[in-house]
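Written out below as C-alpha cells is the structure these notes cover.
Each ligand, and each atom within it, is numbered from 1 in the order the structure gives.
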Amino acid sequence: MQLTFKPLHPSFVAEASEVDLRHADSETLEQVRRGMDQYGVLVFRKQPFTDDQQLEFATQFDGTLHAKTSSSVLEKNRFGNEALSDVSNVGRDGQLLPPNDRRRMSALANRLWHTDASFVDPAGRYSMLSARVVPEVHADTQFADMRGAYDALDAQTKTLIEDLRVHHSIAYSREVLGFEFAPGEKEQLKGAVHPLVRRIPGVLRRSLYLASHAQEIVGWPVPEGRLLLRDLTEHATQARFVYSHPWLVGDFVIWDNRTTMHRATYFDDKKHRRELRRTTTLDVARTTATA
Ligand code: OGA
Ligand code: MN
C-alpha cells in the first residue's frame with residue numbers, strides 16, 4: 001500500500017494518508033521509517049489501538065522498547081507494563097490526580113522542552129503517542145525541528161559545538177522545578193552522556209540533541225555549559241521551528257527523538273481528563289526484519 005505524506009509545517013511534520021497501522025505489512029512499515037527520516041514527526045489519524053496492539057506495533061516498527069521511565073521509579077504504573085507509559089492525569093482509581101500527587105508533579109515537567117529517554121543509554125529513538133481521551137480545551141503537544149535549528153546556526157557556533165558531549169539526567173529537569181526525589185529514587189536515575197550534535201545513519205542532515213534533562217557539557221565549567229545549552233534551546237524553540245499538535249481522539253503521532261524536541265502545553269488538568277499512552281523505542285541496532 002502506497003502511503004503519502006502531507007506536510008503540516010514548512011520544515012518538518014507530515015500527516016500520513018489513511019492506513020490501519022494495526023495491520024501494517026513490512027513494506028508499509030518501511031515507508032513509515034522513510035517518512036520519519038524525512039519529516040521527524042508523522043501524524044496518523046483514526047488509529048483505534050488497544051494497549052496490546054500499541055505495544056505490538058512499536059515492537060514491530062522499531063524493536064526494543066524503553067521501560068526504565070522516570071515514573072517507574074516513583075511507582076509501578078496502572079497497566080502493569082512500564083513499556084506502556086501512562087501519559088494521563090488519571091490515577092489507579094480512575095479519578096483525576098489530586099493537586100499534590102507526586103506522579104502529577106513529575107508529569108508537569110513534560111511542559112519543559114525535552115526528548116524522551118535521553119537520560120538513559122541507549123536513548124529513545126521513536127516515541128509513539130496514542131490519544132484515547134482528549135479534553136475539549138486545548139492541550140496541544142508542541143514539537144521543535146532540531147535539524148532546521150541546527151542548519152540555522154552560524155558557522156562559528158557549528159564549529160564550537162561539533163564534538164561536545166552532554167550529560168542528561170531526568171533528576172536534573174525535575175529538580176529545576178523544585179521536585180524532590182528520595183535518595184533511593186535518585187540512585188536509579190544516574191543519567192547518560194550523549195553527543196550534542198547528532199547524525200542519524202543514512203540521513204545526511206545533522207541535528208541538535210537537547211533536552212531539559214541536559215545538565216552539563218562534559219569537561220566545561222558547569223555555569224558556562226548550562227548557558228550554552230540554554231542559548232541553544234532558546235534558538236531551537238523559536239516559533240519558526242515549532243509545530244503545535246491539537247489532538248483528536250484516535251490520533252497516533254510518531255516522533256523521532258533524535259531530530260525533534262517536544263513539550264506538553266498548559267491545560268487545567270485538575271478539571272479536564274486527558275489520557276494518552278506512549279511507547280518509546282531505544283536507539284539500538286534494529287532487531288526487527290525490515291525487508
Ligand atoms: C510524552 C510527552 C507531552 C504531552 O508523552 O513523552 O512529553 O503533551 N507528552 O502529553
Ligand atoms: Mn515526552
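With respect to atom 8 (O) of ligand 1, the closest heavy atom belonging to the protein is Thr141 OG1, 2.6 Å. From the protein, the heavy atom lying nearest to atom 1 (C) of ligand 1 is Arg278 NE, 3.2 Å. For atom 10 (O) of ligand 1, the nearest protein heavy atom (residue, atom name, distance) is Arg274 NH1, 2.8 Å. Among all protein heavy atoms, the one lying closest to atom 3 (C) of ligand 1 is Ala264 CB, 3.6 Å.
Between His66 and Phe119, the ring planes lie perpendicular to each other; the angle is over 60°, past the 30° to 60° tilted range. Aromatic ring pairs are classed by plane angle as parallel below 30°, tilted from 30° to 60° and perpendicular above 60°; the pair His245 and Tyr243 is tilted.
With the Mn ion (ligand 2) as vertex, Asp116 OD1 and His262 NE2 subtend 90°, rounded to 10°.
For the residue pair Thr50/Arg277, the side-chain donor-acceptor check at 3.5 Å is not satisfied. At a cut-off of 3.5 Å, with distance as the only test, a side-chain donor of Ser127 or Asn257 sits close to an acceptor on the other residue.
Closest approach between the Mn ion (ligand 2) and any N/O/S atom of His114 involves NE2.
Heavy-atom proximity to His114, at under 4.0 Å, picks out these atoms of ligand 1: 7 (O). Ligand 1 places these atoms under 4.0 Å from at least one heavy atom of His262: 1 (C), 2 (C), 6 (O), 7 (O). Per-residue contacts place Val87 under 4.0 angstrom from the following atoms of ligand 1 (heavy atoms of the residue considered): 5 (O), 10 (O). Shown in contact with Asp116 at under 4.0 Å from a heavy atom are these atoms of ligand 1, numbered in order with element: 6 (O).
No part of Leu276 comes within 4.0 Å of ligand 1, judged by heavy-atom distances.
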| query | Could you walk me through whether Tyr209 and His168 pass the ring-ring contact (aromatic ring centres under 6.0 Å, His included) check? | reply | CA-CA 10 Å; Tyr209 192 62; His168 292 246; 5.4 Å; yes
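Note: Phe12 and Phe143 fail the aromatic proximity criterion, with ring centroids not under 6.0 Å apart. Tyr39 has its ring centre no less than 6.0 Å from the ring centre of His9.
The closest donor-acceptor contact from the side chain of Asp256 to the backbone of Thr260 lies at 3.5 Å or more, if one exists at all.
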